[in-house]
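Presented below is the structure to which this report refers.
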Number of protein chains: 2
Amino acid sequence: MGDTVNMSFLETQPAPTGAPGRASTKETDAACCAPATRDAIGADAAEGLARSLKALADPARLRLVSMVAAHADAEACVCDLTEPLGLSQPTVSHHLKVLVEAGLLTRDKRGTWAYYRLVPGALESLAARITAV
Amino acid sequence: MGDTVNMSFLETQPAPTGAPGRASTKETDAACCAPATRDAIGADAAEGLARSLKALADPARLRLVSMVAAHADAEACVCDLTEPLGLSQPTVSHHLKVLVEAGLLTRDKRGTWAYYRLVPGALESLAARITAV
DNA sequence: CCCATAAATTGACATCCATCGATGCATTCG
DNA sequence: CGAATGCATCGATGGATGTCAATTTATGGG
């Protein structure tokens with residue numbers, strides 16, 4: 001195990017499952033608002049996007065992604081990331097694991113060191129999913 | 001207070017405060033990785049972006065934003081949002097407050113009802129800040 | 001072989017957070 | 001005025017999460 005990369009970032013937005021449409025048949029005499037003009041995001045799509053966003057919604061993980069991307073060859077090892085972050089090595093390792101499982105980084109262990117790389121297009125794909133909400 | 005809208009989404013990325021640059025003067029004989037080619041995101045910028053992302057990194061809040069945007073006039077009241085979400089009214093009110101404080105929605109109370117509107121460009125601005133990491 | 005180094009895993013702990021029921025506060029209507 | 005409605009706030013609670021010290025698992029060198 002360990003090599004399973006969650007590519008949920010690149011999956012195209014599946015059509016809202018239930019697609020309950022507007023339940024206009026119900027006797028809702030709601031006089032407060034106009035009805036919906038288009039379908040909102042589905043519950044499962046919201047769950048998936050929320051999981052992807054949670055992976056980035058942390059200061060330490062944002063800095064890790066940025067530091068990896070800022071490195072030459074977009075590649076960095078844990079030893080170079082621990083000190084600038086001011087966090088312990090296990091904590092950095094934990095955050096990197098979260099980012100890999102979210103499909104934002106890839107891990108490549110060569111010898112003693114583990115090199116992390118930014119997945120091309122992952123950030124752009126996530127940004128696109130946000131604006132499509 | 002109460003009407004303070006956090007416009008942190010629209011603020012241009014401030015240059016990394018400390019801007020320690022590359023501490024190339026230090027005797028780091030790191031033989032594992034190449035040095036950084038550009039500056040990574042600052043600690044405070046990461047904190048701010050993380051706070052904005054956390055506001056969206058929740059299935060209920062993503063659906064709320066989408067439902068508000070899907071409404072005619074991009075406007076919706078709480079009563080129309082509670083039932084489709086399957087959450088209690090206090091919970092929906094809490095989520096809407098988080099979204100307003102994050103600068104994603106605006107609140108406009110007219111009579112008995114409270115109308116929520118999507119802040120134009122907020123999602124796009126957030127997406128841009130992600131790709132700039 | 002055994003030790004040194006790099007990184008991941010484990011276990012524990014404190015904190016944050018989503019959720020709900022109960023309550024309070026306006027506003028509207030009879 | 002008094003009842004009803006829409007929404008916000010409060011307090012409590014169970015679960016998720018960030019963090020670290022200690023340990024474990026490789027990998028490499030003497």
Side-chain angles (χ1 to χ4, degrees), chain A residues 1-4 28-33 43 46-47 50-65 68 75-83 85-102 105-117, chain B residues 1-4 28-33 43 46-47 50-65 68 75-83 85-102 105-117:
Chain A
M1 58 132 158
D3 281 329
T4 59
T28 59
D29 50 301
C32 55
C33 324
E47 194 100 26
R51 244 184 297 118
S52 299
L53 285 173
K54 267 187 221 282
L56 255 191
D58 181 273
R61 289 197 284 271
L62 277 170
R63 293 182 67 190
L64 282 174
V65 169
V68 169
E75 182 178 83
C77 65
V78 181
C79 58
D80 256 13
L81 302 171
T82 302
E83 185 214 341
L85 261 187
L87 296 176
S88 71
Q89 175 264 320
T91 301
V92 174
S93 210
H94 160 68
H95 284 310
L96 288 170
K97 182 179 183 179
V98 171
L99 290 170
V100 168
E101 286 176 343
L105 298 183
T106 58
R107 179 179 173 271
D108 176 32
K109 182 148 191 178
R110 294 200 301 270
T112 309
W113 293 285
Y115 295 89
Y116 287 87
R117 217 182 288 256
Chain B
M1 59 149 134
D3 281 328
T4 61
T28 59
D29 51 302
C32 56
C33 323
E47 194 102 26
R51 245 185 295 118
S52 298
L53 285 174
K54 268 188 221 281
L56 256 190
D58 182 274
R61 288 197 284 271
L62 278 170
R63 294 183 67 189
L64 281 173
V65 168
V68 168
E75 184 177 83
C77 63
V78 181
C79 59
D80 258 12
L81 302 172
T82 302
E83 184 215 341
L85 262 187
L87 295 177
S88 71
Q89 176 264 320
T91 301
V92 174
S93 210
H94 160 68
H95 285 309
L96 288 170
K97 181 180 182 178
V98 171
L99 290 170
V100 168
E101 286 175 344
L105 298 183
T106 57
R107 191 178 95 103
D108 177 32
K109 181 149 192 178
R110 293 200 303 268
T112 310
W113 293 285
Y115 295 89
Y116 286 87
R117 217 183 288 256

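- At whole-Å resolution of the value, CG in A/L53 and P in D/dT17 are 14 Å apart.
- Here the P atom of nucleotide C/dT19 and the CZ atom of B/R63 are 11 Å apart, to the nearest Å.
- At a threshold of 4.0 angstrom between heavy atoms, the contacts of B/R110 with the nucleic acid are absent.
- A close approach under 4.0 Å does occur between a side-chain nitrogen or oxygen of B/K97 and OP1 or OP2 of D/dT9.
- Positionally, the nearest nucleotide of DNA chain D for B/L96 lies more toward the 5' end than for the other of A/S88 and B/L96.
- If you measure from atom CG of A/L56 to atom C1' of D/dT17, you get 16 Å, rounded to the nearest angstrom.
- Out of C/dA18, D/dC7, C/dA8, the shortest distance to the side chain of B/H95 is found at C/dA18.
- Counting to the nearest Å, the C1' atom of C/dA6 and the CG atom of A/L81 are 13 Å from each other.
- Here the nucleotide nearest the side chain of A/Q89, chosen from C/dA18, C/dA7, C/dC20, is C/dA7.
- Side-chain nitrogen and oxygen atoms of B/Y115 include none within less than 4.0 Å of the OP1 or OP2 phosphate oxygen of D/dC7.
- Here NE2 of B/H95 is found 10.5 Å from CG of B/L62. Values are rounded to the nearest 0.5 Å.
- One can place CH2 of A/W113 at 14 Å from C1' of D/dA26, the figure rounded to the nearest angstrom.
- Base contact: B/H94 has a heavy atom under 4.0 Å from a base atom.
- At whole-Å resolution of the value, CG in A/L87 and P in D/dT19 are 5 Å apart.
- Checked against D/dT19, D/dC7, C/dT19, the side chain of B/R107 finds its nearest nucleotide in D/dC7.
- Relative to the side chain of A/C77, the nucleotides D/dG18, C/dA7, D/dA21 differ in distance, and C/dA7 lies closest.
- At a threshold of 4.0 angstrom between heavy atoms, the contacts of B/K109 with the nucleic acid are absent.
- Taking atom CD on A/E101 and atom P on D/dT17, their separation rounds to 12 Å, with Å as the unit.
- Comparing D/dT27, D/dT9, D/dC20 by their nearest atom to the side chain of A/T112 picks out D/dT27.
- Toward the 5' end of DNA chain C, the nearer of the two residues A/V92 and A/K54, judged by each one's closest nucleotide, is A/V92.
- Rounded to an integer number of Å, the gap from B/L64 CG to D/dC7 C1' is 14 Å.
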